[in-house]
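Input: a single structure, listed below in structure tokens.
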Amino acid sequence: MIDLKFPDGAVRSFDRGTTGRAIAESLSKSLAKKAVLIKLDGTLLDLDRPLEEGGALEILTRDAPEALEVIRHDTAHILAEAVQELFPNTQVTIGPSIEDGFYYDFARDEPFSTDDFAKIEAKMKEIVDRDEKIVREVWDRDDAIKHFESIGEAYKAEIIRDLPGTETITMYRHGDAWKDLCRGPHLPSSKFIGKAFKLTKLAGAYWRGDHNNAQLQRIYGTAWATDADLEAYITRIEEAEKRDHRKIGRAMDLFHMQEEGRGMVFWHPKGWQLWRTLEAYMRRRLDDSGYVEVKTPQVLDRSFWEKSGHWDKYRPNMFICETVEGETLSLKPMNCPGHVQIFKVGLRSYKELPMRMAEFGACHRYEPSGSLHGLMRVRGFTQDDAHIFCREDQIVEETEKFVRLTRMIHADLGMETAYINLATRPENRAGSDEFWDKAEGMLAEAARQAGVEVVIAEGDGAFYAPKLDFIVKDAIGREWTCGTLQLDYVLPERLDAEYVAEDGSRQRPVMLHRAILGSFERFIGIMIENYAGKFPIWLAPVQVVIAPITSDANPYAETVAAALRKAGLRVDTDVRNEKINYKVREHSLAKVPVIAVVGRKEAETGEVALRFLGSEGQTILSVADAVARLSAEATPPDLRTRDA
RNA sequence: GCCGCUUUAGCUCAGCCGGUAGAGCACCGCAUUCGUAAUGCGGGGGUCAGGUGUUCGAGUCACCUAAGCGGCACCA
């Protein structure tokens with residue numbers, strides 16, 4: 001007998017080998033009908049799995065949150081089944097559930113087309129209607145390999161071969177014939193999968209994620225417990241698409257890119273205004289935080305990059321040029337070696353440390369063509385880069401300061417630092433375990449002292465040291481990696497940076513590479529999506545449009561504009577011969593934060609009628625009051641006084 | 001870089017089975033002077049991404065190239 005403890009606290013004994021289904025039936029007929037899985041001590045199991053051990057048992061129905069992942073996994077399986085029914089020469093490989101859905105990777109000589117999706121979906125729904133039993137079978141390892149080889153499933157055979165010998169080989173059989181190697185668990189039969197799924201994307205993917213391996217065809221889909229959830233998901237995706245920075249960037253006339261400059265951005269006046277506002281803000285924050293700003297050369301000789309190690313390790317990503325005199329040079333892909341040169345001029349004293357050297361450094365990297373993506377991944381970009389040269393015993397304090405600064409800046413820019421990834425020692429690494437223990441410990445401690453949650457990203461560190469990556473959450477809950485801090489003992493060594501210590505000895509400084517925005521390009525892209533183009537007034541390229549109602553009010557509009565501009569506001573006037581309705585609509589769609597309407601009435605009384613983006617009412621103020629109010633609202637967060 | 005898809009006016013898109021290219025918005029002109037999300041009328045605008053081929057005839061079919069999009073890989 002085994003003892004099972006139910007969620008209500010009751011403990012009952014059952015025969016060893018009883019199943020979740022039998023237990024459910026003993027509890028209630030209706031529960032047995034709806035039950036799809038069981039959870040034993042936190043582990044999900046098939047409903048028909050004979051139980052060998054007791055424990056805390058929960059019987060799950062389809063609407064349990066844990067069931068959703070299984071629904072998605074099962075949907076992947078019937079996708080595979082459907083594809084093999086329709087396209088017999090297709091081999092199956094793997095098909096897991098993922099966020100919002102699932103995928104399945106297939107090997108087939110002919111390419112799939114999205115035109116096939118309708119046919120495949122129809123077949124999947126047919127399989128759901130057939131209500132095929134999904135049955136777990138335990139197989140002998142060699143039999144399983146033989147089975148898959150005999151039916152030409154080389155990938156499945158390879159998976160089994162690579163499984164540890166201790167692993168139980170389980171197969172899941174759908175109906176009479178179709179089988180897939182799988183760890184499970186699965187739903188009891190295909191009808192429980194439901195039909196709230198949809199195939200979404202077709203993509204290439206490498207076998208086992210390695211580009212040296214064969215390329216498979218991956219079909220992505222989304223799956224949900226109910227049709228309403230599926231609808232909600234589709235709406236969510238459409239909403240996210242509306243925020244696409246490439247669309248908004250075009251509509252708001254912020255920037256463009258063109259064929260001759262792949263991965264390079266042409267910033268239009270409004271986009272560049274946004275950049276300048278952001279850069280000015282960042283510069284003030286750095287000035288206030290003890291940084292010094294520098295500017296280093298854009299192009300440097302090959303010998304320089306050989307010394308820094310980039311020529312060896314990074315050359316495929318560098319833009320290299322030759323001169324008529326036969327020199328070979330490279331555009332800088334990074335700012336760090338340049339900063340070390342400045343550090344190295346003259347003799348540095350320990351009293352100068354920590355030295356926080358910042359640069360809005362324009363870098364160029366030859367990124368693989370397939371990785372380019374709007375402003376998010378470009379080949380020419382400007383980092384908000386800085387290198388902190390310090391002693392080892394200053395690392396924790398400097399890191400903590402940096403974490404606090406980063407959080408403040410993200411908050412000012414409308415995003416929350418959700419957590420920090422601590423990227424720890426990779427497989428291939430330099431340095432002793434003691435070194436890594438200490439380095440990882442210092443970064444984790446600093447982050448904790450700054451009060452930010454730390455999540456370990458196992459093995460993601462650079463080969464020479466760990467790093468911190470900041471994860472921010474945007475307005476619709478998406479996560480972005482923005483901001484990084486990387487410890488470096490290697491470059492100072494390589495480029496022979498040193499300072500004179502208290503005892504007169506020469507010492508190596510440690511370098512902290514750090515960025516808060518990452519690159520201006522990418523960060524502006526993220527900001528566009530975060531705000532959906534509706535920038536807060538201090539960031540908006542055009543803060544106020546003065547819209548006269550009739551041409552009589554044009555001179556007055558110019559007077560008002562002049563008064564606002566004098567207060568430092570970015571103001572346009574719209575004196576076109578158009579109706580006020582048209583002007584309001586157009587500037588609202590252009591996401592201008594404030595429309596100031598002026599007509600004959602306002603011209604006489606010396607007032608303006610302000611209309612704020614997102615609200616329909618008007619606020620009538622005298623010009624002086626409007627100047628005071630708008631300039632207060634348009635003050636960047638770091639310049640605000642906290643009295644009002 | 002790899003796989004799939006896409007590329008028609010400034011933008012968003014239609015264009016059937018191959019028969020000489022279309023809409024809305026934008027733009028230009030004229031009229032209209034209007035009180036908070038589209039005033040009316042008129043006009044200009046295309047080497048259908050580029051190339052090669054099939055055909056009497058190609059936006060439409062085939063192939064090549066490029067870029068864009070979605071993934072994969074990459075992001076020392």
Side-chain angles (χ1 to χ4, degrees), chain A residues 98 103 105-106 108 110-117 200-220 241 244 246-247 250-251 253 256-263 308-318 333-334 336 365-374 376-379 426 428 460-465 467 469 481 484 486 488 490-491 513 518 522 547-554 575-590 595-602 609-620:
Chain A
I98 53 172
Y103 68 77
D105 285 348
F106 298 100
R108 176 176 177 240
E110 295 287 298
F112 288 113
S113 146
T114 41
D115 296 341
D116 299 326
F117 281 8
T200 52
K201 290 180 284 204
L202 188 58
Y206 299 103
W207 169 236
R208 300 200 148 156
D210 184 340
H211 70 278
N212 296 311
N213 289 343
Q215 186 151 33
L216 307 171
Q217 298 187 66
R218 175 172 298 178
I219 296 177
Y220 282 92
E241 271 168 18
D244 190 312
R246 293 163 295 192
K247 267 188 196 154
R250 196 184 303 119
D253 195 18
H256 87 272
M257 300 167 96
Q258 62 190 47
E259 274 192 36
E260 297 96 325
R262 299 192 64 194
S308 73
H310 289 83
W311 192 261
D312 237 19
K313 289 246 163 66
Y314 207 68
R315 189 161 25 148
N317 285 293
M318 290 161 71
M334 293 174 203
C336 20
R365 295 182 190 169
Y366 188 84
E367 302 287 359
S369 56
S371 67
L372 300 177
H373 179 88
M376 302 300 186
R377 186 86 178 261
V378 289
R379 287 176 174 165
N428 293 320
D460 271 358
F463 79 94
Y464 52 83
K467 62 172 177 170
D469 283 319
T481 304
T484 179
Q486 189 167 321
D488 189 356
V490 173
L491 199 63
H513 305 249
R522 185 174 122 93
I549 291 168
T550 64
S551 53
D552 306 354
N554 287 355
V575 295
R576 292 174 303 170
N577 179 9
E578 292 291 350
K579 288 185 163 185
I580 194 63
N581 281 315
Y582 182 85
K583 293 182 184 180
V584 166
R585 175 182 155 83
E586 203 168 71
H587 300 301
S588 297
L589 289 174
I595 301 170
V597 176
V598 293
R600 201 166 296 155
K601 206 164 60 188
E602 285 76 14
L610 301 181
R611 182 188 166 112
F612 294 89
L613 185 61
S615 65
E616 284 178 13
Q618 310 166 41
T619 308
I620 316 269

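For the numbers below, each heavy atom of this structure counts, side chains included, while hydrogens, waters and symmetry mates do not. Order of the sequence lines fixes the chain letters, A, B, ..., with proteins taken first and strands second; residue numbering starts at 1 for each chain. Since the model is a prediction, treat every value here as computed from it, not as a measurement.
- B:rC75 and B:rA49: their C1' atoms are spaced 30 Å apart (whole Å).
- Rounded to whole Å, the C1' atom of B:rG18 lies 12 Å from the corresponding atom of B:rC56.
- Residue side chain A:R365 does not reach the base of B:rC74 through any donor-acceptor N/O pair under 3.5 Å, judged by distance alone.
- Spacing of P atoms, B:rG59 relative to B:rA21, comes out at 9 Å, to the nearest Å.
- Identified under the salt bridge (Lys or Arg N to Asp or Glu O under 4.0 Å) test for residues 202-215 of chain A, with sequence neighbours left out: A:E158-A:R208, A:D162-A:R208.
- Applying the 3.5 Å distance criterion, the base of B:rG35 shares a donor-acceptor pair with the side chain of A:E602.
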Task: Per-nucleotide pairing state of RNA chain B [Watson-Crick or G-U, under 3.5 Å; [ ] pseudoknot-crossing; | other strand] - done: (((((((..((((.....[..)))).(((((.......))))).....(((((..]....))))))))))))....
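- When the P atom is compared between B:rC11 and B:rC27, the two are found 14 Å apart, to the nearest whole Å.
- In terms of polar N and O atoms assigned as donor or acceptor, the side chain of A:R208 never comes within less than 3.5 Å of the base of B:rA73 in a complementary pairing.
- Environment of CZ in A:R600: sparse, with no more than 12 heavy atoms of neighbouring residues, nucleotides or ligands closer than 6.0 Å.
- Taking atom CD1 of A:I580 as the reference point, atom P of B:rU33 lies 16 Å away to the nearest angstrom.
- Taking atom P in both B:rU60 and B:rC16, the straight-line distance is 11 Å, to the nearest Å.
- Nucleotides B:rG10 and B:rG45 place their P atoms 12 Å apart, quoted to the nearest Å.
- Along RNA chain B, the nucleotide nearest to A:L372 and the one nearest to A:A462 differ in position, and the one closer to the 5' end is contacted by A:L372.
- Residue A:N581 places at least one side-chain N or O closer than 4.0 Å to OP1 or OP2 of B:rA37.
- Under 4.0 angstrom from either OP1 or OP2 of B:rC75 there lies no side-chain N or O belonging to A:Y314.
- Base orientation of B:rC17: syn, since the glycosidic angle falls within 90° of 0.
- Between A:H211 and B:rC3, a side-chain N or O to OP1/OP2 separation shorter than 4.0 Å is absent.
- An OP1 or OP2 oxygen of B:rA66 is reached within less than 4.0 angstrom by no side-chain nitrogen or oxygen of A:R262.
- At B:rU33, none of the side-chain N or O atoms of A:R600 fall inside 4.0 Å of OP1 or OP2 (strictly under the cut-off).
- For A:D244, the side-chain hydrogen bond (donor to acceptor under 3.5 Å, both in side chains) partners at least two apart in sequence or on another chain are A:R246.
- In this structure, A:Y582 reaches the B:rA26 phosphate: one of its side-chain N or O atoms is under 4.0 Å from OP1 or OP2.
- Taking the nucleotide of RNA chain B with the nearest heavy atom to each of A:K313 and A:G614, the more 5' of the two is matched to A:G614.
- Distance alone, capped at 3.5 Å, places no donor-acceptor pair between the A:E602 side chain and the A:A609 backbone.
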